[in-house]
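Below is one structure, written out as structure tokens; comments come after it.
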2 protein chains.
Amino acid sequence: MNGVKKKATIKDVALRAEVSPTTVSMVLNGKSAALPESTCERVRAAAAELNYSADVLARALVTKKTNIVGVVVPDISNAFFSEAVRHIQVEIARYGYDIILCNSEERAESDERYISLLAGRNVDGLILTPSAESFTAENAEKIKRLLAGLHVPYLFFDRYYTDGGTRVAVDNEASSYAATQYLLENGHKKIGVIAGPLTLNSSRNRLKGVRRALSERGLSLSDEFVYEGRYDFATGVNGGEMLLKKDVTAIFAFSDMQAYGVYESAKRAGKRIPDDVSVMGFDDNIYSSVLEVPLSTMRQPVETIAKEVCRSILALIENKEAEAPACCPARLVRRSSVADISKN
Amino acid sequence: MNGVKKKATIKDVALRAEVSPTTVSMVLNGKSAALPESTCERVRAAAAELNYSADVLARALVTKKTNIVGVVVPDISNAFFSEAVRHIQVEIARYGYDIILCNSEERAESDERYISLLAGRNVDGLILTPSAESFTAENAEKIKRLLAGLHVPYLFFDRYYTDGGTRVAVDNEASSYAATQYLLENGHKKIGVIAGPLTLNSSRNRLKGVRRALSERGLSLSDEFVYEGRYDFATGVNGGEMLLKKDVTAIFAFSDMQAYGVYESAKRAGKRIPDDVSVMGFDDNIYSSVLEVPLSTMRQPVETIAKEVCRSILALIENKEAEAPACCPARLVRRSSVADISKN
DNA sequence: TCGATTTACTAAAACGATTTACTACGCTAT
DNA sequence: ATAGCGTAGTAAATCGTTTTAGTAAATCGA
């Protein structure tokens with residue numbers, strides 16, 4: 001009963017159960033096939049009495065398994081990522097894994113630094129959403145080389161390189177195709193688009209979907225109706241301002257956050273939503289249903305994606321073999337920000 | 001050049017530099033006071049050539065230092081926590097620490113499980129926001145006992161037990177005092193409050209602040225004007241509905257999310273903000289400035305708080321001595337959701 | 001010149017597990 | 001009688017560091 005009592009080690013348990021550490025280890029790790037139940041019982045009792053649990057560091061040192069996966073996202077305070085990370089953490093905890101979380105703040109240099117750092121921590125796997133910067137040809141090459149040299153299973157989440165690597169993302173092309181169809185069905189022909197960085201596959205594929213839907217109706221999207229920026233509020237404001245001047249009847253923003261910016265720009269321009277201009281978003285943040293004019297948007301199945309991320313990375317950790325890319329479909333959420341002008 | 005080359009160990013470096021592992025360790029850890037520069041140079045060169053970096057697991061095993069801090073929050077997808085965690089991660093990384101993130105999903109059982117788990121991972125420190133459940137007398141006792149037995153430095157962030165433990169939080173009492181004063185200055189006397197769980201010090205102290213401001217003007221807040229719930233949207237809707245029936249002129253919601261709910265309830269009741277009822281929030285989420293009627297609110301200085309959290313936990317890790325509680329002041333953000341009715 | 005000190009370095013013990021390769025014993029079958 | 005085998009374990013190596021307690025040689029002071 002004196003002061004700080006140290007954690008019991010496997011030796012303490014061995015001593016108390018009057019067996020060797022080897023035996024303790026085997027019993028506690030379920031490798032006791034060859035041992036009589038009486039011994040196992042003694043060991044388990046001793047372990048319980050001493051409140052023993054194996055030191056994870058010592059164990060990891062010999063087994064080369066930490067049960068940690070590293071997660072690198074551009075910005076956890078972005079609603080999409082925070083929700084995804086929450087689901088990932090909760091889900092992967094069920095398999096006995098913890099996550100070390102890193103924010104790259106959209107900087108390629110941080111991606112590199114964190115990836116190396118996590119590998120140095122002997123994580124069992126890596127879940128990556130590279131920063132926008134990491135999609136320039138040069139940076140992409142660096143990241144890919146870095147990962148190849150690491151021998152740590154990794155997977156791309158939401159953003160990915162097209163030439164290899166396991167990935168889990170929403171089906172961007174199909175989703176924005178659906179969104180555009182919805183706009184078309186409501187009579188919109190003059191559509192403006194606010195995209196995220198076109199270096200990202202997410203934005204490029206969403207744009208592709210828009211173009212496909214349009215061309216199927218014999219329409220096309222000229223470049224001057226596409227405003228490229230980031231996925232943030234300010235981009236929405238600027239893009240909205242620019243597109244409103246061109247008298248579009250609908251604006252499709254590639255993120256809800258951008259859509260909020262469009263609302264702001266409409267307010268400034270004295271235009272009402274959806275009477276003067278329709279707005280369509282992408283993500284379905286919790287806030288989108290709360291707006292004065294609830295936003296029509298494509299809902300990302302964040303929980304499904306998160307679970308798929310976990311399933312894939314665990315598979316990679318176990319098999320060390322490439323997984324097929326997983327594409328999850330987004331769902332159209334019709335609210336009030338899109339007006340039907342087909343009868344006009 | 002054959003296949004997978006293994007990571008270089010300290011022995012490899014020692015061999016190449018023609019010294020002992022001891023020497024390598026000392027040089028690379030800056031304990032080379034007694035060694036001639038020539039040797040140091042040789043060791044450093046060898047290390048560089050082999051691309052050597054010490055295995056953190058092996059090191060942690062002997063030094064008892066992991067450079068990891070555990071973070072347990074109720075819900076990372078809550079904007080306040082996600083922003084806080086982002087700043088915490090970025091800041092603490094500057095000191096060479098990583099964070100393992102856990103979501104308790106507001107469940108006491110998860111708090112216990114994660115705290116034990118993180119301690120078992122030999123984290124150097126713990127940053128905790130206990131779930132609402134963990135504030136019942138019984139659960140609180142359990143958590144406190146658990147922490148006391150762990151010998152891991154820990155700190156409470158945002159929510160805390162009043163009887164001990166280092167803590168970092170916004171000055172809730174002063175903040176809501178200021179908010180209430182603002183309401184009073186604008187002529188509001190019949191004020192309704194939507195609180196979070198009153199088991200949480202944050203809610204209790206905010207309520208205290210309201211009462212103090214009111215009583216200084218000879219007013220008081222009767223219980224029927226206080227709606228207790230959670231910090232979420234649904235609580236705002238329900239509380240708003242209830243309070244609007246009592247013809248309050250202003251509603252002070254203890255979170256922005258609740259305030260959004262109040263907006264919704266006002267819309268349903270056909271009341272305009274701020275013409276028919278004023279609304280005040282708390283947090284200043286990024287969305288609050290985006291609303292059709294931008295929300296007046298108390299802005300939590302999240303980055304400041306996060307930095308203070310890092311400073312404190314690092315101090316605790318180094319000194320192992322209690323830190324003074326840190327209280328950060330919130331700032332009043334005046335927007336359009338509060339009307340001046342003092343001239344009526 | 002000799003003992004004491006300084007310089008430059010190292011052997012070996014930890015840290016706390018897992019894992020491989022044994023051993024000692026009793027029993028059976030030939 | 002003994003080879004062979006199953007049972008019930010264990011000793012010792014290993015993982016890759018840090019750290020303690022030295023030592024051997026060179027230098028210094030008197």
Side-chain angles (χ1 to χ4, degrees), chain A residues 4-44 46-47 50-68 96 119-124 151, chain B residues 4-44 46-47 50-68 96 119-124 151:
Chain A
V4 178
K5 47 176 176 288
K6 309 218 50 131
K7 242 184 95 189
T9 74
I10 198 171
K11 280 187 192 168
D12 302 327
V13 179
L15 228 55
R16 177 173 262 257
E18 301 186 289
V19 293
S20 72
T22 308
T23 304
V24 175
S25 173
M26 302 195 103
V27 170
L28 266 27
N29 290 306
K31 293 176 183 159
S32 48
L35 298 179
E37 189 51 30
S38 60
T39 309
C40 295
E41 214 29 76
R42 260 206 344 281
V43 169
R44 275 191 284 265
L50 295 175
N51 193 21
Y52 170 79
S53 68
D55 184 302
V56 291
L57 291 172
R59 170 180 291 162
L61 183 58
V62 21
T63 60
K64 299 294 161 212
K65 184 124 197 339
T66 52
N67 276 41
I68 294 180
R121 280 215 184 272
N122 300 291
V123 296
D124 293 337
H151 309 294
Chain B
V4 179
K5 48 175 176 285
K6 308 218 53 129
K7 243 187 94 188
T9 76
I10 200 171
K11 279 186 192 168
D12 301 327
V13 179
L15 229 55
R16 178 174 264 256
E18 302 184 287
V19 294
S20 71
T22 308
T23 305
V24 175
S25 175
M26 304 197 102
V27 170
L28 266 26
N29 290 306
K31 294 177 183 158
S32 48
L35 299 179
E37 189 51 30
S38 60
T39 308
C40 295
E41 214 29 75
R42 249 191 12 265
V43 168
R44 276 192 282 267
L50 295 176
N51 193 21
Y52 171 78
S53 67
D55 183 301
V56 290
L57 290 172
R59 169 180 291 162
L61 183 57
V62 21
T63 60
K64 299 294 161 211
K65 186 128 198 331
T66 52
N67 276 42
I68 295 181
R121 281 216 183 270
N122 301 291
V123 295
D124 293 336
H151 309 294

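Remember, predicted model here, so these are calculated numbers, not experimental data. A note on names: the letters A, B, ... follow the listed sequences, proteins ahead of strands, and every chain is numbered from 1.
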Next on the checklist: Using the rule side-chain contact (heavy atoms from CB on, under 4.5 Å), only one of B:Thr23, B:Ile10, B:Val43 pairs with B:Leu28; which is it?
Outcome noted: B:Val43

Checklist entry - Rounded to the nearest Å, what distance is computed from the CG atom of residue B:Leu15 to the P atom of nucleotide C:dT10? => result 12 Å

Checklist outcome for this item: A:Lys64 atom NZ is separated from C:dT18 atom P, nearest whole Å, by 14 Å

Checklist entry - Strictly by modelled atom types, are B:Thr22 and B:Ser25 linked by a side-chain donor-acceptor pair under 3.5 Å? => result no

Checklist entry - What do the steps show when you test A:Val19 against A:Val24 for side-chain contact (heavy atoms from CB on, under 4.5 Å), and what is the final call? => result CA-CA 7 Å; A:Val19 293; A:Val24 175; 3.8 Å; yes

Next on the checklist: Go through it in stages, so that I can follow the logic: the residues are A:Met26 and A:Thr39, the test is side-chain contact (heavy atoms from CB on, under 4.5 Å), and I'd like the CA-CA distance, side-chain angles, deciding distance and then a yes or no.
Outcome noted: CA-CA 11 Å; A:Met26 302 195 103; A:Thr39 309; over 6 Å; no

Checklist entry - Shortest non-hydrogen contact from B:Thr9 to B:Tyr52? => result C-CE1, 3.4 Å

Next on the checklist: With a 4.0 Å cutoff (strictly under), does any side-chain N or O of B:Ser20 reach OP1 or OP2 of C:dC9?
Outcome noted: no

Checklist outcome for this item: Rounded to whole Å, OH of A:Tyr52 lies from P of C:dG16 at a distance of 10 Å

Item to check | Start and end of the DNA chain D segment that chain B contacts, any atom under 4.0 Å from a heavy atom | outcome: D:dG16 to D:dT20

Item to check | Whole-Å gap separating C1' (C:dT7) and CG (B:Leu35) | outcome: 9 Å

Checklist outcome for this item: Taking for B:Met26 and for A:Lys7 the nucleotide of DNA chain C with the nearest heavy atom, the one nearer the 5' end belongs to B:Met26

Next on the checklist: Less than 4.0 angstrom between a side-chain N/O of A:Thr63 and OP1 or OP2 of C:dA17, yes or no?
Outcome noted: no

Next on the checklist: Does A:Glu18, at its CD atom, have more than 12 non-hydrogen atoms belonging to other residues, nucleotides or ligands within less than 6.0 Å?
Outcome noted: no

Next on the checklist: Does A:Lys65, at its NZ atom, have more than 12 non-hydrogen atoms belonging to other residues, nucleotides or ligands within less than 6.0 Å?
Outcome noted: yes

Item to check | Partners passing side-chain contact (heavy atoms from CB on, under 4.5 Å) against A:Ser53 (at least two apart in sequence or in another chain) | outcome: A:Lys7

Next on the checklist: Expressed as a whole number of angstroms, how long is the span from A:Leu57:CG to C:dG16:P?
Outcome noted: 10 Å

Next on the checklist: Whether the side chain of B:Asp55 engages the backbone of B:Leu57 through a donor-acceptor N/O pair (distance < 3.5 Å, no angle test) should be reported.
Outcome noted: yes

Next on the checklist: Please confirm whether the shortest side-chain N or O distance from A:Lys31 to OP1 or OP2 of C:dT19 is below 4.0 Å.
Outcome noted: yes

Checklist entry - A:Ser38 near the nucleic acid: base, sugar-phosphate alone, or nothing, with a heavy-atom cut-off under 4.0 Å? => result nothing

Checklist entry - To the nearest Å, how far apart are B:Arg59 CZ and C:dG16 P? => result 18 Å

Item to check | Nearest-Å distance for atom pair NZ/P, residues A:Lys65 and C:dA17 | outcome: 18 Å

Next on the checklist: Looking at every non-hydrogen atom in both residues, tell me the closest pair between B:Pro21 and B:Ala14 and how far apart they are.
Outcome noted: N-CB, 3.6 Å

Checklist entry - Base, sugar-phosphate, or nothing: which does A:Val56 touch, judged by heavy atoms less than 4.0 Å apart? => result nothing

Checklist entry - Heavy atoms under 4.0 Å, any strand shown: does A:Thr9 hit a base, just sugar-phosphate, or nothing? => result sugar-phosphate

Checklist entry - Given that B:Val62 and B:Thr22 both sit by DNA chain C, which one's nearest nucleotide is further toward the 5' end? => result B:Thr22

Checklist entry - For the helix from C:dT1-D:dA30 to C:dT30-D:dA1, what is the angle between the axes at its two ends, each from 5 pairs, rounded to 10°? => result 60°

